[in-house]
Amino acid sequence: MKKIRVTYFIILLLALLLGAMLLFPERFEEILAGLFTSKFTQGSRTPLPVLFLEHLEMVVISSAMAIAFGFVLGVFLTTKTGAEFKESLLKLVNLGQTFPSAALLALVVPIVGYGIKGALIALFIYALMPIVYNVVVGIEEVPEDVVEAARGMGMSEWETYRKVKIPLAMNAILGGIRTSTVINISAATLAAAAGAGGLGVLVVNGVKTFDMVLILMGSIPVTLLAVIVELILEEVQKRRVYAQ
């Protein structure tokens with residue numbers, strides 16, 4: 001209980017820090033400018049809160065699509081019908097993860113063009129593998145005697161999945177969602193290269209101009225968001241395990 005309270009305190013502290021950066025971006029920039037030299041005058045860029053909301057929008061949409069599709073695909077691959085496709089589809093999903101996110105974005109943009117659509121497709125593909133893999137592994141690791149006992153009680157295949165396999169695999173499934181979402185938060189910074197906006201705009205422009213203030217104004221909020229989401233999902237996962 002004490003450890004949980006400490007975690008909640010850390011989440012609250014980081015959330016307040018992130019909120020302060022977004023509410024007072026000029027002050028945040030002044031602090032960074034006092035530590036590093038900036039090549040741009042204040043107020044010459046898109047407001048930080050706008051870029052943050054663009055970044056959050058991309059992460060939420062792409063992660064939601066990846067979770068929904070990845071869960072359904074993972075469950076399908078553990079069924080008798082999907083078993084014959086499992087090896088080939090898992091290899092295909094893994095291929096999307098092994099591709100560098102920048103390269104994946106470069107492949108998608110020529111097809112759908114610049115903008116948020118290309119970024120969402122690339123992020124969706126990149127976030128898919130951890131979810132599909134963990135759903136498959138989690139369900140397949142459910143003890144066979146438990147499954148047989150459920151069938152012996154007269155449960156149908158659907159009921160076995162809904163009442164036994166998926167609940168017992170939920171820890172692994174949540175672990176995949178947690179990994180996928182955190183990866184997506186950082187990978188979304190590269191969406192700026194496709195004209196999709198987000199905090200990556202500051203990072204990319206900062207790298208181009210060797211401006212450390214720009215880089216940190218983009219990367220610090222991304223890092224804080226990733227840590228906050230990681231801690232929240234970790235607590236959700238732990239509570240799920242304890243509830244079982």
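Note that these values count all heavy atoms, side chains included, but never hydrogens, waters or copies made by symmetry.
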Considering only heavy atoms from C-beta outward, does the side chain of [X] approach that of [Y] to under 4.5 Å?
{"X": "L225", "Y": "L56", "answer": "yes"}
{"X": "L48", "Y": "E29", "answer": "no"}
{"X": "L231", "Y": "L14", "answer": "yes"}
{"X": "L89", "Y": "L73", "answer": "yes"}

**OP:** Inspect the surroundings of CZ in R162 and state if more than 12 heavy atoms from other residues, nucleotides or ligands are less than 6.0 Å away.
**Re:** yes

Original post:
Is the CZ atom of F52 crowded by more than 12 outside heavy atoms at less than 6.0 Å?
Top reply: yes

**OP:** Under the salt bridge (Lys or Arg N to Asp or Glu O under 4.0 Å) rule, collect the residues that match up with E230, sequence neighbours excluded.
**Re:** R178

Original post:
Got a sec, which residues hit salt bridge (Lys or Arg N to Asp or Glu O under 4.0 Å) with E84, two or more places apart in sequence or on another chain?
Top reply: none

With rounding to the nearest 0.5 Å, note down the distance linking [atom1] in [X] to [atom2] in [Y].
{"X": "L199", "Y": "I220", "atom1": "CG", "atom2": "CD1", "value": "11.5 Å"}
{"X": "L32", "Y": "L216", "atom1": "CG", "atom2": "CG", "value": "5.5 Å"}
{"X": "F124", "Y": "M65", "atom1": "CZ", "atom2": "CE", "value": "6.0 Å"}

Subject >> Distance-only side-chain donor-acceptor flag, Y161 / T79, under 3.5 Å >> reply: no

**OP:** Give every residue pair that meets the salt bridge (charged side-chain N to carboxylate O under 4.0 Å, His left out) criterion with at least one member in residues 134-145, sequence neighbours excluded.
**Re:** K86-E140, E144-R151

